Amino acid sequence: MLPVASTPVPARSAVPTARIEAFLAEERRETPFLVVDCDVVLDRYAELRAAVPSAAIFYAVKANPAPELLDALVHAGSSFDVASPGEIDLALAAGADPAKLSYGNTIKKRTDIARAHELGVRMFAFDAADELAKLTAEAPGSTVFCRVLCDGAGSDWPLSRKFGCDVDQAVELCLRAIDAGHQVGVCFHVGSQQKQPDAYRVAIELVAEQIAAPLAAAGGRLSHLNVGGGFPGTYLTTGPATAVYGAVIERTVVRCFGDDPPVLITEPGRFLAADAGVIETEVVLVARKSLHDEHRWVFLDIGLFGGLAECLGEAIKYPIVTVEGDDGGPKGPVVLAGPTCDSADVLYEEFRYRLPMSLGAGDRLRLLATGAYTTTYAAVAFNGFPPLRTYHLPPSRRA
Ligand SMILES: *Cc1c(COP(=O)(O)O)cnc(C)c1O
């Protein structure tokens, strides 16, 4: 039986693993850098498998495409959500079976579709008639997933508006796809860092009632259901336990589709990678804007352009701990900002972290749960700052 939770189970808190602690204690490495423990990725993979046992897991490569991490997931049996020729190459280089890749980007060049198909990719997403026509021409016989719009309510990093179409168009396009010889699925994304498991219930019900049912009435069948990513990382705000998400998804699928369910897929990115990483950064300057200002500005050697792009709008709030500069004395509010000459490079100003009053230049901080959406969001050399240095600790075991 699946666990049934009536009240949200409190989320775990983010803590560096013993392996990361040992790595950080080895030597004082030049900052900023990210260290990722691939064991945590495998732990999260196992946790999601247990929570949604009937779903195949397609890791969203864009969250962290490091070869060590992809290799660990290939050996664990994972499938992969890829969005570009480059991500396909990375997954294949890690040993992934092309039949276990889903080309989930709804915006693809014709030539890229043809190349993916030639490499053996057989799952593709679309949300427009013209994209479906490209798939029929360049990837005949493949399984095509129509992406439906989701409003992203309850999530900290919504993916609304840009991707997906409404349900009426989805039905129309799915029928067209079946006529063209494809198996059809539906996919959606309830928004990244989704803290409300109920968002999946709402979306699955929408698909069942307003797409699968009219499709069946017209003689078509929904063969796949991809409920996307969205499962949260352990930031200052997070969601309930993974088992709660799993129970909502499994129960809704059973209730909506009975004993003839579509093939179920999840596409976690953040959930698998975020908690595995720790960024170590150094304080460059502590400053005040006026003589009696209570607030200190703390400038770090990493900012919005160095890998912390998800601090835009202060959407994602990483747990921050001090390494040095904490003498056990009082703490006070700070504005946290990056080192570049762009005034947008402020990490947290609305939300006031509290750091030791004794904090000064050269002291180090650690940003926890930074394994997802950091390395690939780092600029190549804005202001001459190099991309984020990374260390990946390979798995200590095989799954
Ligand atoms: C980014 C993305 C994901 C992963 O989302 P998370 O919120 O990180 O789990 C999954 N599917 C698609 C199509 C995506 O673009």
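This one's a predicted model, so the numbers in the text were calculated from it and none came from an experiment. Both counts, for ligands and for their atoms, begin at 1 and track the order of listing.
- For the side-chain contact (heavy atoms from CB on, under 4.5 Å) test, residues two or more places apart in sequence or in another chain that qualify with Glu138 are Arg110, Ile113, Ala114.
- Closer than 4.0 angstrom to ligand 1 sit non-hydrogen atoms from Ala60, Lys62, Asp81, Arg147, His189, Ser192, Gly229, Gly230, Glu267, Pro268, Gly269, Arg270, Tyr373.
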Original post:
Passes side-chain contact (heavy atoms from CB on, under 4.5 Å), Glu280 versus Val323? Steps please.
Top reply: CA-CA 9 Å; Glu280 189 156 293; Val323 183; 4.3 Å; yes
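- For Phe126 and Phe124, the ring centers are positioned 6.0 Å apart or more.
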**OP:** Using the side-chain hydrogen bond (donor to acceptor under 3.5 Å, both in side chains) rule, take His224 and Thr143 through it: C-alpha gap first, then chi angles, then the decisive distance, then the call.
**Re:** CA-CA 9 Å; His224 290 67; Thr143 299; 4.8 Å; no
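- Applying the side-chain contact (heavy atoms from CB on, under 4.5 Å) test to Glu87 and every residue at least two apart in sequence or in another chain returns Val61, Lys62, Val82, Ala83, Ser84.
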Contacts table for residues 166-177: side-chain donor-acceptor under 3.5 angstrom, sequence neighbours left out:
from   : atom 1 : to     : atom 2 : distance (Å)
Asp166 : OD1    : Asp168 : N      : 3.4
Asp166 : OD1    : Gln169 : N      : 2.9
Gln169 : NE2    : Asp127 : O      : 3.1

